[in-house]
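Structure, as structure tokens:
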Amino acid sequence: SGHFSNDLQDSQRRSQQGVQQHETALELTYRFRFLGSALFLQPDLQYIIWPGGTGQIPDAFVSGIQVGINF
């Protein structure tokens, strides 16, 4: 979770921009190991609440995957 500074918010109010307040990211990840520790697969799921901190962008679901080989 992140909070934008009060100085930034005051500046944005004066310039009549969207005021950034806070943004929260929930993340779930796990590393699956195969062949001992030689190979791994790591999916990553994220849910972003208030992206950009203004509430003007809808919440977002993000997914990714990482694959690695250790020699």
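The basis for the numbers below is simple: all heavy atoms, side chains too, and nothing from hydrogens, waters or symmetry mates.
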>> Donor-acceptor pair, distance only, cut-off 3.5 Å: does the side chain of T29 make one with the backbone of P43?
In response: yes

> In the single-linkage hydrophobic clustering (I, L, V, M, F, W, Y; side-chain heavy atoms under 4.5 Å), do V62 and L28 co-cluster?
Replying inline: no

> Less than 4.5 Å apart, any side-chain heavy atom of F40 and any of V67?
Replying inline: no

> Taking side chain as C-beta onward, heavy atoms only, is S63 less than 4.5 Å from D44?
Replying inline: no

>> Which heavy atom of P58 sits nearest to which heavy atom of P51, and what is that distance?
In response: O-CG, 3.4 Å

>> If hydrophobic clusters are built from ILVMFWY residues whose side chains come within less than 4.5 Å, do F34 and Y30 share one?
In response: yes

> Is I48 reachable from L26 through a run of I, L, V, M, F, W or Y residues, each pair having side-chain heavy atoms under 4.5 Å apart?
Replying inline: no

> Between Q42 and I65, is any pair of side-chain heavy atoms under 4.5 Å apart?
Replying inline: no

> Does any N or O in the side chain of S15 come within less than 3.5 Å of the main-chain N or O of S11, such that one atom is a donor and the other an acceptor?
Replying inline: yes

>> Are the side chains of W50 and I57 in contact, using a 4.5 Å heavy-atom criterion?
In response: no

>> Please check this pair: side chain of N70 against backbone of L39, looking for a donor-acceptor N/O pair closer than 3.5 Å.
In response: no

> From L41 CG over to R31 CZ, what is the distance, rounded to the nearest 0.5 angstrom?
Replying inline: 10.0 Å

